[in-house]
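Everything below concerns the one structure shown next.
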Amino acid sequence: MASSEDTHDWEGRYYHIDQILDTPGPRTDEAFLAGDGVKNFLRKEAKILVIGAGGLGCEILANLALTGFKDIHVIDMDTIDISNLNRQFLFRPKDVGKSKAIVAAEFIMNRVPGVKVSPYFGKIQDKDDAYYLQFNLVICGLDSVEARRWMNATLVNLVDPENPESLKPLIDGGTEGFKGQARVILPTITSCYECSLDMLNKPTAFPICTIANTPRLPEHCIEWASVLEWPRVHGDKKMDTDNPDDISWLYSVAAARAKEFKIEGVTWSLTQGVVKNIIPAIASTNAIIAASCCNEAFKIATSSAAYLNNYFMLIGTEGIYSYTFEHEKRDDCPVCGGEALELSISPDTTLEELIEMLTERQDIQIKNPSLSTSTKQLYLRAPPQLEEATRPNLQKKLPELLGPSGGELNVTAGTLPFSATVIIKFTT
Amino acid sequence: MHESQTVERLTTSLEPPSGAPDAKTRRYDRQLRLWAASGQAALRICSHFGHFTLLDSRKVTGADAGNNFFLDGLKSVGKSRAEEAVNGLRELNDGVQGVADTRDIKQVLSSQKDWLKTFDVVVAHNAHPDIIDDLAALLWPETHLLIESHSETAASLRIDKAFPALLEYAMSLPLDTMDITDHAHIPYPVILVRALEEWRRERQQATGAPSTSDEKKAFKERIRKMMRKFDEENFEEAEAQAWRCWTPTVVPSEIQQLFTLYSSSSSSPSSFPALVSALSQFAQNNPASPQYTSGLLPLTSGLPDMKSSTEAIQAEKKVFKEYLSKDVDDASCGYVPQKCACVEGSERERVERNQPGIKGANKLSMQPRETATHLALAAVRFSVGQSARAPSADIPTTAAFLGGLVAQEVIKMITKQYVPISAGDAASSGDGELGVCVVDLVETWTGVI
Ligand SMILES: [Zn+2]
């Protein structure tokens, strides 16, 4: 175990990094303390949290360790799968089935002496505010939108205007195939993850009538197998997309359907990709995005240079194209904006239809919401007694619940640590 | 539960269910989803994960050990940089064969040039400009790179110059009397072909399309009026795609350039020039239907998804497919010189199917699927923003960023899929010169010059 940092350093170890830390550059912040001040902070005080030890996470951890961060924490709830080995380079075949966070931490500590990596094998939701308050910086290398929304909202909520230390810069990276993005979020100051929710690619949802009646694509046949045939044949038994037998069943059903409609292209791999919503991933894109995340972390932690303001987008499918821009904060962002979101809808809309709208709108995307006004509960998901008591409201039209001129609604969801205020106005 | 298991045990312990992938496929699953079977084969043959040689004559310094993740810290200092790094890299993937070579590149360039030519890809980094120039001269003959573009821009449907079978089919549909459900399922290209042909007949002209904004507006209105019910999505789609009628189908400039390069039937034994030559002759003159295809490339085979019924789509696909295979036959059998008759069918199709993606990446050498498969990539020369402040600093994050970019370009070249950087990216002359990517990691942007 690493006890004292300095005993591990050797002559010339930081030759490259120190050239940056010893001299201010033309675009260096005034707060930059060239020399020992900044080196001591980076190597002895800075504490950094990495969320995710997958494709991006492995690269991020290695970069941070080489850059000179010595107190690194990492959270990941996943175990290592064989399909991780092509790019998650801290893992070997012997590690399949073990915790990603623990194996990654051990690997880094073995390879880069003097660096302490503290793993947590579990969910980010297990940790409280006090835990997150101990870090100087958080880097997210996740493939889950929900987890990022949770982390983002948690860090925004953490900000206490009286205490500047409570503002934790969040650096978020994401990749898909040859494309990726890195961004710097200063909670409450810059645009946050929730502000940009409408930039996410809309998940491809196929209309149920196409799936049921007029399939044209192999994906339509696979959806038919998983959405319609699975519940019909298996009843309440839940599909396990990690179980190859379940995928094989879906594949054979989808293939038969495809044959009937003379559609080509249903394969085992496509079936698995569609039902698990697999995002293609390659090592090189992860390397680029992780490097730019860590580069921002280094610049912010040391004030050695200006940092990204605030969004870097990379598209590598045709040449190398990138776009750096300032994403603007949304005044009606439910997490960091002060204003309520206004919705103009027909007075014929039922509460159930409103819930469907809230789920589907690109800038809201709140799944399974509970709704209330300042005086009454309109629909609650839990506990079961309250769900049952409020369920009849679902079929009621909104004027009946809110009054003829509409009003303010509070929207919450169990998976998100915030509530959105929505003002309903009726169109005439 | 989480006890470790070897790949072999995992895969032999249970029979893979029917159709399920083997261990190797599962390991590379997330990247195989990006490049299809042809790219996989290239990776296997050209050995992206098969073999690499690391050439470096220097010894590991303390500074090297501090910024290279694949060196073993202080333990590596003083030892061969090539050998130490290969040890670290080899441990990544036991299916990869890594060789350390401690010769000096200058010495290799002066006395063992041919050895360098045995590689599929040569990556030079942080090398002296003279060495880069020598490598370039050695490895850059005048040949081309063939790539599967995976282009996200829609393929031409050739609405303005519909081939006879499609035109005939479109005009034969009894739009006003046919079953209303069938009417709502006519694929939009058929609607566009029909509308355009009717527009032309009214004007008694065989070619042409709406050109002024008033004409275009009226044309969209015309499509709207063809609807028999207010919610026929296929007609809405046709209206949205009406621009295809006034976008002339022409041979893209990149391909015109290739035609100029291979103007006469090539004497090269390579399949690629022969195919370009065949394609060029197809474009110049197609006796099958000169009126419709003269000056055009064969159709690309992919049809976009469209709102339609399964049967209508299948019918249209069939019309397209029959025509496409005729195109392919005309292009290859008719014009490929006898001596190149060994060109494999799949290769031939690939050239034609992907013609939107064949870009003249001059000075990149690729002669696809031959015994002497030979891809030479000289260093993609990157320059870095930090250079003025710290002239000799090699920052780990900068190195990782550039390494990622280079790796990405190498992967594209080896798999012959996706489009590598070229100077054409910068909207400049697009003369096919290899591009230089500039990276500024202070303000975080990249550009290609
Ligand atoms: Zn926000």
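Residue numbers begin at 1 in each chain, while the letters A, B, ... track the order of the sequences.
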Legend entry - A:F325, part contacting chain B, at a heavy-atom distance under 4.5 Å: neither

Inset, instruction - Could you check which of A:E296, A:R111, A:M313 has the highest count of heavy-atom pairs closer than 4.5 Å to chain B? - result: A:R111

Inset, instruction - Heavy-atom pairs under 4.5 Å with chain B are the metric here; pick the option from A:G68, A:A65, A:A287 that has the most. - result: A:A287

Inset, instruction - Using non-hydrogen atoms and a 4.5 Å limit, figure out which bit of A:I80 sits close to chain B: side chain, backbone, both or neither. - result: neither

Inset, instruction - Starting at CG of A:L308, measure out to NZ of A:K299 and round the result to the nearest 0.5 Å. - result: 6.5 Å

Inset, instruction - Could you pull out all residues at least two apart from B:D64 that satisfy side-chain contact (heavy atoms from CB on, under 4.5 Å)? - result: B:V60, B:T61, B:L71, B:R81

Inset, instruction - Among A:S83, A:A62, A:G55, single out the residue with the greatest number of heavy-atom pairs under 4.5 Å to chain B. - result: A:S83

Inset, instruction - Can you sort out the partners of A:D22 under side-chain hydrogen bond (donor to acceptor under 3.5 Å, both in side chains), two or more places apart, ordered by chain and number? - result: A:K39

Legend entry - Side chain, backbone, both or neither of A:F298 within contact of chain B (heavy atoms, under 4.5 Å): neither

Inset, instruction - Could you tell me whether A:D18 and A:R43 have a side-chain N and a carboxylate O separated by less than 4.0 Å? - result: yes

Inset, instruction - Pick one of side chain, backbone, both or neither for A:Y14, based on which atoms fall under 4.5 Å of a heavy atom in chain B. - result: neither

Inset, instruction - Rounded to the nearest 0.5 Å, what's the gap from OH on B:Y188 to CD on B:E233? Could you check? - result: 14.0 Å

Inset, instruction - Select one option (side chain, backbone, both, neither) describing which atoms of A:T267 are under 4.5 Å from chain B's heavy atoms. - result: neither

Inset, instruction - For atom CD of A:E326, decide whether the heavy atoms of other residues, nucleotides or ligands shown that lie under 6.0 angstrom number more than 12. - result: yes

